[in-house]
Amino acid sequence: MQLIILKDNLKTALIKTERAVTQNSNLPILKNVLLSADKSLTITSTNLELAIKTKAACKVVETGEITIPFHPLFSIVNNTQSERVTLQLDGEVLNVKTDNYEAKIQGLKADEFPIIPKIEEREKNIKIKTETLKSAISQVINAAQISELKPELSGILFDYQIGILKLAATDSFRLAEKTLLNTDFESTFDEGFRVIIPLMTVNEVIKVFENSEEVTIAKDENQVLFESESSSVISRVISGEYPDYQGIIPKDFTTTLHIDRSELINAMRLVSSFSGKTTEVKLSLKEDTNFLEIYSSTQSLGENNYKIPVKREGKDINEITFNWRYLLAGLQSISQEEIVFSLNSTQKPAMIKPQGDDSMFYIVMPLES
């Protein structure tokens, strides 16, 4: 194997594969990446749960493949000032050369690298623009959280129904859902399916794929594949049944507020500085006013409040307590500047969604006062 590659191309490809590299005392090969030179350089990494593969443009002088430790190679590429890097294989040693630097990295034969699983039924798939997929993931991912007690909550639900793809995430205290219509994607699936994709995997989907690409999603019973022309991410799915969350989605509200998102985010950040470890903020809307008051206090720090102008519909709000971090996460999931904030009593969930957009919502439970 011999090739010449731009440093930036090699660095970008290594960064994309880094998260699947792992230190495993039982399988030290997992700290390695597989380098394969053909028409381009393909770099592959895996932790046995997740595998990432990406291509980097280069000039291939001689084809070949080798698996080498990730971190020494990345350190060289990250710190060199040269624009070009030459990689040349001599037996199981990879020679790395630049204009004024040379290193020899001991590798292992490519056939010692774990076999990357494949999806056999590739003809059934969903094709979607990367930008659309990333946007949908970013609107729900803040509601998910790693859970050892309930592993099915440690991922995002992809719920495909003919003509509709719903993404949902929950940690039992909050819930987010985004609905994509068949105008947003193409599908060859002839029946619906539900699959829970681990948080680590969807985070890598956001990072690995470029916005200019189209991503193909395929699956089998135990795995899911995201693939573009330049990269692929294949992962195990989370087994188990996802909670039937439809029953907790409120149908009616006693109070609806139309608010500027940026101002509410600013208010949360400012007022929360007095909430202390409890992370509590209190919301109230007094009679005959058009100002939402946000308040927090602790005995050791003191108290503060912030008033935001709102357009209101419905009843006054005496006092409802929320975890400000959960509220902020929901607000940050929305890109539109005008939001609708709908509330009920202190025991019922509240909902945040973009003004004029019913395809997405974020639900959060109040805290007990």
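Note: hydrogens, waters and symmetry copies are ignored here, and every other heavy atom, side chains too, is used.
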Contact check, side chains of [X] and [Y], non-hydrogen atoms, under 4.5 Å:
| X | Y | value |
| --- | --- | --- |
| Glu338 | Asp260 | yes |
| Gln23 | His71 | yes |
| Leu30 | Pro114 | yes |
| Gln161 | Lys166 | yes |
| Phe158 | Leu167 | yes |
| Glu152 | Glu241 | no |
| Glu120 | Asp220 | no |
| Asn47 | Met200 | yes |

Donor-acceptor under 3.5 Å ([X] side chain, [Y] main chain):
| X | Y | value |
| --- | --- | --- |
| Lys134 | Phe209 | yes |
| Thr46 | Leu50 | yes |
| Ser187 | Phe189 | yes |
| Arg261 | Ile334 | yes |
| Ser275 | Thr278 | no |
| Thr130 | Ser212 | no |
| Asn203 | Ile206 | no |
| Asn24 | Asn26 | yes |
| Ser228 | Glu214 | no |
| Arg312 | Thr289 | yes |

How about [X] and [Y]: does a side-chain donor come under 3.5 Å of a side-chain acceptor?
| X | Y | value |
| --- | --- | --- |
| Ser262 | Glu337 | yes |
| Ser135 | Glu131 | no |
| Trp324 | Ser296 | no |
| Thr188 | Lys124 | no |
| Ser232 | Glu227 | no |
| Ser82 | Tyr101 | no |

If you round to the nearest 0.5 Å, how far is [atom2] of [Y] from [atom1] of [X]?
| X | Y | atom1 | atom2 | value |
| --- | --- | --- | --- | --- |
| Tyr306 | Ile294 | OH | CD1 | 8.5 Å |
| Phe70 | Ile43 | CZ | CD1 | 8.5 Å |
| Ser172 | Tyr245 | OG | OH | 14.0 Å |
| Leu175 | Gln246 | CG | CD | 8.5 Å |
| Leu14 | Ser75 | CG | OG | 11.5 Å |
| Ile105 | Leu89 | CD1 | CG | 11.5 Å |

Which of these passes side-chain contact (heavy atoms from CB on, under 4.5 Å) with [X]: [options]?
| X | options | value |
| --- | --- | --- |
| Leu157 | Ile196, Val140, Val195 | Ile196 |
| Met1 | Asp38, Leu94, Thr63 | Leu94 |
| Phe226 | Ile217, Ile234, Ile126, Val208 | Ile217 |

Exercise for review: Show the numbers, then the answer: is there a side-chain contact (heavy atoms from CB on, under 4.5 Å) between Lys7 and Gln81?
Suggested key: CA-CA 9 Å; Lys7 179 194 78 170; Gln81 299 300 311; 5.8 Å; no
Point to revise | side-chain contact (heavy atoms from CB on, under 4.5 Å) assessment of Met351 paired with Ile249 | key: CA-CA 9 Å; Met351 177 184 288; Ile249 302 174; 4.0 Å; yes
Review point. Of Glu280, Lys282, Glu303, which meets side chain to side chain donor-acceptor pair (under 3.5 Å) against Tyr295?
Key: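 So the option named by the test is Glu303.
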Can [Y] be reached from [X] by stepping across I, L, V, M, F, W or Y side chains whose heavy atoms are under 4.5 Å apart?
| X | Y | result |
| --- | --- | --- |
| Phe113 | Leu35 | no |
| Tyr362 | Met365 | no |
| Phe291 | Leu343 | no |
| Leu331 | Leu283 | yes |
| Leu328 | Leu264 | yes |

Would you say [atom1] of [X] has more than 12 non-hydrogen atoms from neighbouring residues, nucleotides or ligands within 6.0 angstrom?
| X | atom1 | answer |
| --- | --- | --- |
| Lys315 | NZ | no |
| Lys286 | NZ | no |
| Lys31 | NZ | no |
| Ile115 | CD1 | no |
| Glu102 | CD | yes |
| Phe173 | CZ | no |
| Asn78 | CG | yes |
| Lys219 | NZ | yes |

Exercise for review: Look at Lys16 together with Glu210 and state whether they make a salt bridge at an N to O cut-off of under 4.0 Å.
Suggested key: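 Between Glu210 and Lys16 there is a salt bridge, with a charged N closer than 4.0 Å to a carboxylate O.
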Check your understanding: What orientation do Tyr160 and Phe185 show, parallel under 30°, tilted 30 to 60°, or perpendicular over 60°?
Key ->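 Geometry flag for Phe185 against Tyr160: perpendicular rings.
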Point to revise | Pair Glu213-Ser230, side-chain hydrogen bond (donor to acceptor under 3.5 Å, both in side chains): steps then yes or no | key: CA-CA 9 Å; Glu213 296 181 306; Ser230 65; 2.4 Å; yes
Exercise for review: Evaluate the criterion side-chain contact (heavy atoms from CB on, under 4.5 Å) for residue pair Asn318 and Asp316; output intermediate values, then yes/no.
Suggested key: CA-CA 6 Å; Asn318 183 25; Asp316 303 334; over 6 Å; no
Practice item. Go through the steps to decide whether Met360 and Ser333 satisfy the test side-chain contact (heavy atoms from CB on, under 4.5 Å), and finish with yes or no. Key: CA-CA 10 Å; Met360 180 267 173; Ser333 300; 4.1 Å; yes
Exercise for review: Kindly determine whether Glu49 and Arg236 satisfy salt bridge (charged side-chain N to carboxylate O under 4.0 Å, His left out), including the steps that lead there.
Suggested key: CA-CA 6 Å; Glu49 297 290 327; Arg236 293 183 184 272; 3.7 Å; yes
